[in-house]
Every structure is written in C-alpha cells, then in structure tokens.
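Heads up, the thing below is written out as structure tokens.
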Amino acid sequence: MPEAAQLSVPELLALDRQHVWHPYGPMPGRDDPLVVASASGVRLRLAEPVEGRTELVDGMSSWWSAVHGYNHPVLNEAARGQLDRMSHVMFGGLTHEPAVRLAARLAEIAPDGLEHVFLADSGSVSVEVAVKMCLQYWRSVGKPRKQRLMTWRGGYHGDTWQPMSVCDPDGGMHELWQGALPRQLFADAPPPGFDAPPDPAYEAHLRELVARHAGELAAVVVEPVVQGAGGMVFHSPGYLRVLREACDEHGVLLIFDEIATGFGRTGSLFAAGHAGVTPDVMCVGKALTGGYLTMAATLCTPAVADGISRGEVPVLAHGPTFMGNPLAASVADASLDLLLSQDWAREVKRIEAGLRDGLADATAAEGVRDVRVLGAIGVLQLDHEVDMAAATRAAVREGVWLRPFRDLVYAMPPYITGDEDVARICAAMRAVAREG
Ligand SMILES: Cc1ncc(COP(=O)(O)O)c(C=O)c1O
C-alpha cells in the first residue's frame, strides 16, 4: 500500500470501499464518499473537484457538533497545549485539571440542581450511563422493579443497546431490533410546533401513562424541544413541564437528552431552559468539544447520586478506558469559554432569521410538505424520500455540504456562518428539494 500521504483519490476510494465501514452503510460501500483534505472556518476543502467545486460551505456542523467551525485557533491551541502536557491518563485513581475544570463548568451552566458529572466517550454511551444511573438509583433505594423506560415516539437517542430501545420503534432505523431490545413504554409523538399551544388531550395522555406505569418505570427519557434524527420535529416546551410534574407526582426520574440541543442550538443554552425545568439526569455531547474530539457527559442531581451511593453496591459501575480524556476535556473547556465569551444567542438568532428568510420561498415549492426553523436549525420536509446521490450532487453544485435523510433536508450550520453563507445553504436546500 502507498504511504498514507501519497494516496491518490482513486486509490483512497478503492481502499475505502474495500475496508472501511461508514455510518449506516453497507460493506463494501456502494456510493463513493467525498474526500475531504482539510477544513477551515465553515468550509470543507475537497481533495479533488466534485461537480466543479473544491470548497463546500458546511451546513451540517459535522453532525451538529462543530459550532465554532473548523481549524479554530483557540481550540487548536488548547489541543496543542494539552498534547504537550499529556494526551491521556486513566481516570481511575487519578484526576487532572482539564476534567475537573470541565465538570465544574458544566455544573455551573447546566439547569439548576445538576451538580454531578460523569464524563463519557460518546453521546450514546452517555445515554447508557443515564439509564444505568436511573435503574441503579431505584435498586439502591429498595425499588428494584422499576427498570423500564418511557419515552415518546419519534425519538432518537443513539445506536448502542439501551439508547436504541428508546428510539422510534416504527419506521426508525432501529426498527430491525424490535423483539431483541428491552421493551420500553412509548407515548404518542408530541404534537408538532414549538409555538403551538400545548394540547390538553396529549398532556393527559402523558400524565396517564406515567401514573399507570409508575411502579415499573425507572425514568422517562426524551429529547427536549427538538426530536432530531428521529424526524427533525419541534414541540412545545409545555410538554416538558407536564413530564416534570407527572414524574415528580409519581416517583419517576426524568432524563433530558440534550446531546443535539445543548450549547445554544435551539436559541436557549439548553433546551430545558425553554421550559424552565431541571431534569434529574441530563446528557450532553456533540458540541461539547466544539466538534473536535469525542466526549459526552451525563449530569445528575445530588438526590440521584446520593441514592446510588447509599445502595448495597454504593458505586456507579461504569468506567470507560478513555473516561475524562484530557485532550477532549481541554478542548471542551476552551470551546465553552469561546461560546460563553461571545453573544452566541445573537448569532443563533441571526442564523435563525437567515434560515427563515432563505427558506420562506420553499413553502410553496412543489414537493415540499413543510418548512420549519428553530434557532440555528432549518428543515424542509419533502413529500418523498430523497435520493441521496442526487441530493448530494444538487447541494455540491451550489457549493454546500448537506446530508439529508428520509424525506428531510435540513441544515444545522456552525454559529460562525456568515449571512451570505446561510443564504447559500438555503439555496442548496431548495435545490435538493427540487432535484434530490
Ligand atoms: C439526541 C441524540 N442523542 C444521542 C445521540 C448519539 O450520540 P453519538 O452519535 O455521539 O453516540 C445523538 C446523535 O445524533 C442524538 O442526536
């Protein structure tokens, strides 16, 4: 095999097809991915031109994580500085400043009452940890029968086993595993519309399910305000208040999965802020490191931690090898400094206005069923499934990187995306709706 740096694009693609699994892909791969040589600001640079383009404006923030864009000098410096000190040490019996600073910072900015932080290595793992915390809590306080989870339909919480069990059971990508997965309790999907007045019948449905199943429920787990990979749908924060009340009334823990919504994406630092409620357990990931390195966190209240720590097995039995990775923690800390030192809310509002403007025309376009925007999230829902290859070509011709799924063409651009680039992303989304 040639030296890595000397691979031509055809060589690289041939080896990729032969050896490399891609997300949600077959083996060997069927569609050639685009080869990225470097990335800077909001632009991805391709190794060779595609549809006449070598630079693409990134509409995806690398699956919603690169909120500050790529190759950011402050994040680069944090990574370099930490690399010179140590890239990793185990976290059992040892601790270090990057992880301690990050945990303290997360506790400070999270909704009031979330004080303890478990650092995990990916969003899915942080959800596994959240579930384990809740089950272990009930076991520790003498209610071991409370092992089931409740969620609402249309959700997505990751690809490992427990998270898959609370993903949408019908029509979602994990439907294949029904029967093998633990059988969880599903409420109907929340009625759509961030601004729609909460539906009393739906609120009653949520309350009734929690009340009826409280004896077996360890926790209710939901994505607050935005259901992301399950369908890019927004709902009223009012339903989160209803869940909080019902869980409190019937002794069930509440988990918010803020992996997609955390760190400003919806216009509030955490989506829980729209509802003014604190969950018992909260997961964050994705934008935590500004999209540089994989790290997530599970936060919980002192009541949850005390319950676990007073149990028959008074420890949380989880400890990944790369827990608290200093490189990732340093970059996460720098990323949070960067976010909080600027008026991120103004930038998200500006992008929201740009997306509303740029997608307004699409409302009447043929093939478009719905247009919705919330914070720095813009969605076109089509009346047909996209043809991924045609959709990619259409976006690339406009000089934009998008990755639609099912009937959804959406963008979640980095917060540093300028107005012209937001307009360009919207043009590409409209082109995908026409041609994809
Ligand atoms: C709401 C939500 N939860 C969990 C996950 C899983 O995170 P990861 O891909 O880091 O495992 C995702 C990823 O898209 C997500 O959007």
Side-chain angles (χ1 to χ4, degrees), residues 21-25 59-67 118-134 149 151-169 172-174 177 181 184 189-190 219-235 240 243 254-266 268 270-272 274 279 281-299 318 320 322-323 325 328-329 331-332 335 374-377 379 402-406 408 410-412:
W21 283 103
H22 280 268
Y24 313 114
M60 303 302 297
S61 301
S62 281
W63 272 336
W64 330 340
S65 60
V67 287
F118 188 101
L119 296 171
D121 20 20
S122 73
S124 300
V125 172
S126 75
V127 175
E128 297 279 357
V129 170
V131 171
K132 195 183 265 186
M133 276 180 181
C134 293
L149 304 172
T151 186
W152 44 39
R153 286 173 188 271
Y156 176 80
H157 296 280
D159 297 340
T160 59
W161 212 244
Q162 285 288 350
M164 277 204 300
S165 77
V166 281
C167 289
D168 189 47
M173 63 184 154
H174 297 312
W177 296 107
L181 292 169
Q184 313 294 17
V220 173
V221 50
V222 294
E223 292 158 280
V225 173
V226 177
Q227 291 186 293
M232 306 303 296
V233 207
F234 316 141
H235 55 255
L240 305 172
L243 286 178
L254 181 60
I255 305 172
F256 282 173
D257 175 349
E258 294 251 12
I259 289 163
T261 50
F263 310 111
R265 181 57 69 179
T266 66
S268 170
F270 297 99
H274 291 294
V281 178
M282 182 173 97
C283 300
V284 293
K286 289 195 182 280
L288 175 61
T289 64
Y292 262 51
L293 288 151
T294 178
M295 177 173 264
T298 311
L299 287 78
H318 210 102
F322 290 101
M323 183 168 176
N325 177 257
V331 176
S335 174
L374 178 68
I377 310 173
V379 185
L402 295 175
R403 186 77 174 158
F405 65 98
R406 295 188 345 220
L408 297 158
Y410 74 97
M412 290 207 192

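Numbering of ligands and ligand atoms starts at 1, following listing order.
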Nearest 0.5 Å please: distance from the CD1 atom of I255 over to the CD atom of E223.
-> 12.5 Å

E258 near ligand 1 by a heavy-atom separation under 4.0 Å =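 No, E258 has no heavy atom closer than 4.0 Å to ligand 1.
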
Could you tell me if the side chain of [Y] sits less than 4.5 Å from the side chain of [X], heavy atoms only?
| X | Y | answer |
| --- | --- | --- |
| S335 | T289 | no |
| K286 | F263 | no |
| D257 | V166 | no |

Quick one: nearest non-hydrogen protein atom to atom 12 (C) of ligand 1, plus distance?
->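 The closest one turns out to be Y156 CE2, 3.5 Å.
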
Around atom 14 (O) of ligand 1, find the nearest protein heavy atom and jot down its residue, atom name and distance.
-> K286 NZ, 2.9 Å

If the cut-off is 4.0 Å to any non-hydrogen atom of [X], which atoms of ligand 1 fall inside it?
| X | value |
| --- | --- |
| W64 | 16 (O) |
| A260 | 16 (O) |
| E223 | 1 (C) |
| G123 | 7 (O), 8 (P), 10 (O), 11 (O) |

Proximity of A229 to ligand 1 by residue part, where a heavy atom lies under 4.0 Å | neither

When the ring planes of Y156 and H174 are compared, do they come out parallel, tilted or perpendicular, using 30° and 60° as the limits?
->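 Because their plane-to-plane angle is under 30°, the rings of Y156 and H174 count as parallel.
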
Ligand 1 to D257 polar contact by distance, N or O atoms, under 3.5 Å =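 There is such a contact, yes.
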
Taking distance alone, with no angle check, do S124 and ligand 1 share an N/O pair under 3.5 Å?
-> yes

Main-chain N/O of W161 paired to E128 side chain as donor or acceptor, under 3.5 Å |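 Yes: the side chain of E128 pairs with the backbone of W161.
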
Atom CZ of R403: over 12 foreign heavy atoms under 6.0 Å =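 Atom CZ in R403 is not crowded, with 12 or fewer foreign heavy atoms closer than 6.0 Å.
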
